[in-house]
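Numbering of ligands and ligand atoms starts at 1, following listing order. Bear in mind the structure is a predicted one, so any value in this text is a computation, not a measurement.
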Amino acid sequence: MEMKYADIDWNQLWQRERRQKSWKRKKKRDWDKRAASFAKRNLGSDFSDLCLRMIQPDPTWSVLDVGCGPGTLAIPLARQVARVTAMDFSEQMLAELNMRTEAAALRNIKAVHASWSDDWQECGVERHDLVLAARSLAVDDLRGALEKMIHWSKKEVIVVDRVGPGPFDPDLFAALDRPFEPGPDFIFTVNILLQMGITPSLDYLEFDLSRQYADRDEAIEGCGWMVDDLNDVERARLGHYVDQRLSENMDGSVTLTRRKPVKWAFIRWKTNE
Ligand SMILES: C[S@@+](CC[C@H](N)C(=O)[O-])C[C@H]1O[C@@H](n2cnc3c(N)ncnc32)[C@H](O)[C@@H]1O
């Protein structure tokens, strides 16, 4: 049978490949547990600087940040735009966000405890100029999530989506002798958008090829988040992996260098044309 591009159901393929991925963190309590360490690693990171430079928001805009986490983007964005609605289904992520919102005395961030699948209208969310989902499209119904973003956007949508392994380091999994299947990435988002008649602009963010830590223990912690439930053998292997990639700096700190940088796709399109 002849197969055409238009026959491919990218949403169904996305769902099938998500079931095969080895990384299964999708529950609220998993994100709750990791909120503090995620905040430490990501607030003020190269990722947020690079992203903000790409977003270049209109200062008069309202922004809805879906899956905002501890405010990696919501907090710096609030300094540049009229107002930000920061939405997440993890209470602990929102607690991290609120702590930093107060410390920075920002009055234009509203935290909303809601999930992708909630009725956002019932949660009191209005349409915003820009709707943003950065590293947070962890949904089964990808097409539904994209349609929802478009519906709630007055002017533009931005999605930051995984490319290949994204933040994970396949070499670390190999060193631990653990299988690694990253699951579907940004190309599904792009294909679904194309089938919806949308031609988004596409760019890439690359960073974290090397990262500086105070010492070896911090470096181990800095990449240990990728793997859960390490046994003793794996812990030793992780230490060995880190030692192989670590170099000492003049000031006593250490730098961990990966073989390849972390890469994310930056996808944006206008909704008011
Ligand atoms: C990798 S973090 C990204 C946080 C932030 N956007 C960033 O780029 O640093 C993913 C965030 O999405 C949130 N999240 C995951 N699934 C969600 C869902 N179904 N509804 C709402 N938030 C969700 C998690 O709680 C977490 O804060």
I want to check a possible cation-pi pair here: K263 against Y204, using under 6.0 Å from ring centre and within 45° of the ring axis as the test.
yes

With heavy atoms of T72 as the reference, note each atom of ligand 1 found under 4.0 Å away.
5 (C), 7 (C), 9 (O)

Is D88 close enough to touch ligand 1? Criterion: a residue heavy atom under 4.0 Å from a ligand atom.
yes

Only heavy atoms count here, so choose which of G67, S48, S136, G69 is nearest to atom 6 (N) of ligand 1.
G67

Electrostatic pair D208-R211, nearest N-O below 4.0 angstrom
yes

Does any N or O atom in S90 lie less than 3.5 angstrom from one in ligand 1, N or O only?
no

F47 six-ring face occupied by R41 cation (under 6.0 Å, within 45°):
no

Using a 4.0 Å heavy-atom cut-off, which part of F89 comes near ligand 1: side chain, backbone, both, or neither?
both

Near M93 (heavy-atom distance under 4.0 Å), the atoms of ligand 1 are 27 (O)

Would you call D140 and R18 a salt bridge, using N to O less than 4.0 angstrom?
yes

Which of the numbered atoms in ligand 1 are under 4.0 angstrom from any heavy atom belonging to W116?
17 (C), 18 (C), 19 (N), 20 (N), 21 (C)

State which residues pass salt bridge (Lys or Arg N to Asp or Glu O under 4.0 Å) with E234; sequence neighbours excluded, sorted by chain then number.
R178

Those atoms of ligand 1 less than 4.0 Å from some heavy atom in F47
8 (O)

For Q244, look at atom CD and say whether over 12 heavy atoms of other residues, nucleotides or ligands are found less than 6.0 Å away.
yes

Presence of salt bridge, K27 and D30, under 4.0 angstrom:
no

Within-cut-off N or O pair, A134 and ligand 1, under 3.5 Å
yes

Salt-bridge criterion met for D169 and K260 (N-O under 4.0 Å):
no

Would you say C51 touches ligand 1, if touching means a heavy atom closer than 4.0 Å?
no

Specify side chain, backbone, both or neither for R135, according to which of its non-hydrogen atoms lie closer than 4.0 Å to ligand 1.
both

For ligand 1, indicate whether the residue A114 contacts it via side chain, backbone, both or neither (heavy-atom separation under 4.0 Å).
backbone

